[in-house]
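To start, the structure under review is shown below, and the notes come after it.
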Amino acid sequence: MRIILAMSAISLSTLALFGAELNTQMKAYLDELRVQAKKENSAFVDFDAKRGEQIFFTKSSATGKEMSCTSCHKEDITQEGFNEKKNKKIKPLAPSVNPNRLTDVDEVSKWLKRNFNDVFGREGSAQEKGDVIMYINSK
Amino acid sequence: MRVLSVLAILTTFSVASKFEYVKPVSNELYQKECGSCHIAYQLELLPKETWLKIMDNLKDHFGEDATFNPVKMQTLREFLQNNTTSDLKPTHSLRITEASWFIKEHKKIPKHLITQKEVKSLSFCQTCHIDAEKGDYSEKGIFIPNYGRFHD
């Protein structure tokens, strides 16, 4: 019994630190991003959810209107989001609440590209994308 | 003269009824890629030429980059090629809301009902056309926020 409790405690804390395990295609995508990140910055070690959180909350006026990822996805990504411009509800980003998130590489890469552009007026770097994925996966 | 008036009335009715009930889109790829930001506008609302122009210009899709996986884009283009008709007059812009039939259908709506924050734009069909996603744009399915049912 104690062993079961101990193992549950360990897996829950691992989950809290690193998030649920990503599927094979997502892992391969992150590996590609790591290679790219290293090319872009030789000091790159690995992705970081804390850095990802900072990016997620950063406000930018690059596209003429001040906004951040939280503008649509909200500060608590376990909650539903809302896109004012498109008048549309957005299902929660947090995989703990919405298990479809971070499972389809086409979807993930598409939305990262589009939404980095929406907020920062540029495609995110490989490191930024990986950091943000790590952050989302931790919720 | 009377024949012309009858013909004119009949044409108006036929234009109206052409868009009252359109086929809902069942194609999963279309639904997913073209229905993730806005309602998956049904194929009968635009002519083939316009659909293909939209597909070929996704990099600047009404001001946004709407491109996605190139293989899927090609599949979707073929789907549109094969499931749309050229029966409609090509729209001079790419917008459904700027087609002459659309303008005619929405002409009588007081402007403030469209610009109010509960509606915002004619592009959000489903806001007033409750069953828009099912392809039902009939009058009985209209419910304008802060107004109610609308009759021509």
Side-chain angles (χ1 to χ4, degrees), chain A residues 23-26 28-30 32-33 60-65 67-69 71-74 77 80-93 98-125 128-129 132-133 136, chain B residues 25 27-41 54-55 57-77 79 94-97 106 112-130 132-133 143-146:
Chain A
N23 65 26
T24 316
Q25 55 164 294
M26 280 300 296
Y29 175 56
L30 281 170
E32 277 171 32
L33 286 175
S60 165
S61 300
T63 55
K65 185 182 173 199
M67 57 186 290
S68 59
C69 309
S71 306
C72 295
H73 290 294
K74 308 298 170 192
I77 59 173
E80 196 178 71
F82 188 75
N83 184 321
E84 284 284 347
K85 188 174 168 199
K86 298 186 174 77
N87 220 24
K88 196 180 160 90
K89 287 188 204 164
I90 304 170
K91 294 195 185 119
L93 258 189
N98 184 351
N100 278 331
R101 296 296 193 186
L102 302 184
T103 55
D104 181 328
V105 171
D106 274 354
E107 281 294 288
V108 173
S109 58
K110 178 179 81 181
W111 287 111
L112 280 175
K113 177 176 148 199
R114 284 182 187 175
N115 294 158
F116 260 98
N117 249 321
D118 287 337
V119 175
F120 300 105
R122 60 176 177 81
E123 187 168 351
S125 68
E128 286 171 324
K129 288 178 183 174
V132 170
I133 290 171
I136 294 170
Chain B
V25 188
N27 181 286
E28 249 181 68
L29 182 63
Y30 180 82
Q31 192 59 51
K32 182 176 193 190
E33 298 298 344
C34 309
S36 57
C37 298
H38 51 58
I39 177 180
Y41 301 111
I54 290 171
M55 273 313 292
N57 288 286
L58 281 182
K59 193 99 186 110
D60 181 7
H61 182 64
F62 304 104
E64 302 207 21
D65 181 352
T67 56
F68 48 99
N69 178 305
V71 173
K72 289 183 186 173
M73 277 171 62
Q74 185 52 36
T75 306
L76 192 56
R77 195 185 192 281
F79 165 73
L94 301 179
R95 292 184 183 272
I96 295 168
T97 52
H106 295 83
H112 73 275
L113 288 181
I114 298 165
T115 55
Q116 62 169 322
K117 69 169 172 22
E118 288 82 353
V119 178
K120 287 187 199 150
S121 156
L122 286 170
S123 308
F124 305 127
C125 314
Q126 72 281 17
T127 306
C128 300
H129 290 282
I130 308 306
E133 262 148 1
F143 195 92
I144 303 178
N146 300 313

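All chains are named by letter (A, B, ...) in the order of the sequence lines, taking the proteins before the strands, and each is independently numbered beginning at 1.
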Can you see which heavy atom on A:Asn87 is nearest to which on B:Thr127, and at what distance? ND2-OG1, 4.2 Å

A:Asp106 portion near chain B, given a 4.5 angstrom heavy-atom threshold: side chain

Does a sphere of radius 6.0 Å around NZ in A:Lys65 hold more than 12 heavy atoms from other residues, nucleotides or ligands, not counting ones at 6.0 Å or beyond? no

Contact class of B:Ser121 relative to chain A, heavy atoms under 4.5 angstrom: neither

A:Lys85, part contacting chain B, at a heavy-atom distance under 4.5 Å: both

Proximal component of A:Asn83, with respect to chain B [non-hydrogen, under 4.5 Å]: neither

Chain A contact via B:Ser123 - which portion, at a heavy-atom distance below 4.5 Å: neither

Name the region of B:Val119, side chain, backbone, both or neither, that has any atom closer than 4.5 Å to a heavy atom of chain A. backbone

Are B:Ile39 and A:Lys88 side-chain neighbours, meaning at least one heavy-atom pair lies under 4.5 Å? no

Is it the backbone or the side chain of A:Glu84 that comes under 4.5 Å from a heavy atom of chain B, or both, or neither? both

Ignoring hydrogens, what is the shortest heavy-atom contact between B:Thr67 and A:Arg114? Give both atom names and the distance. O-NH2, 3.3 Å

Salt-bridge criterion met for B:Asp65 and A:Lys110 (N-O under 4.0 Å): no

Verify side-chain contact (heavy atoms from CB on, under 4.5 Å) between B:Glu64 and A:Asp118, making sure each step is shown before the conclusion. CA-CA 9 Å; B:Glu64 302 207 21; A:Asp118 287 337; 4.0 Å; yes

Approximate separation, where rounding is to 0.5 Å, of B:Lys120 NZ and A:Lys86 NZ: 11.5 Å

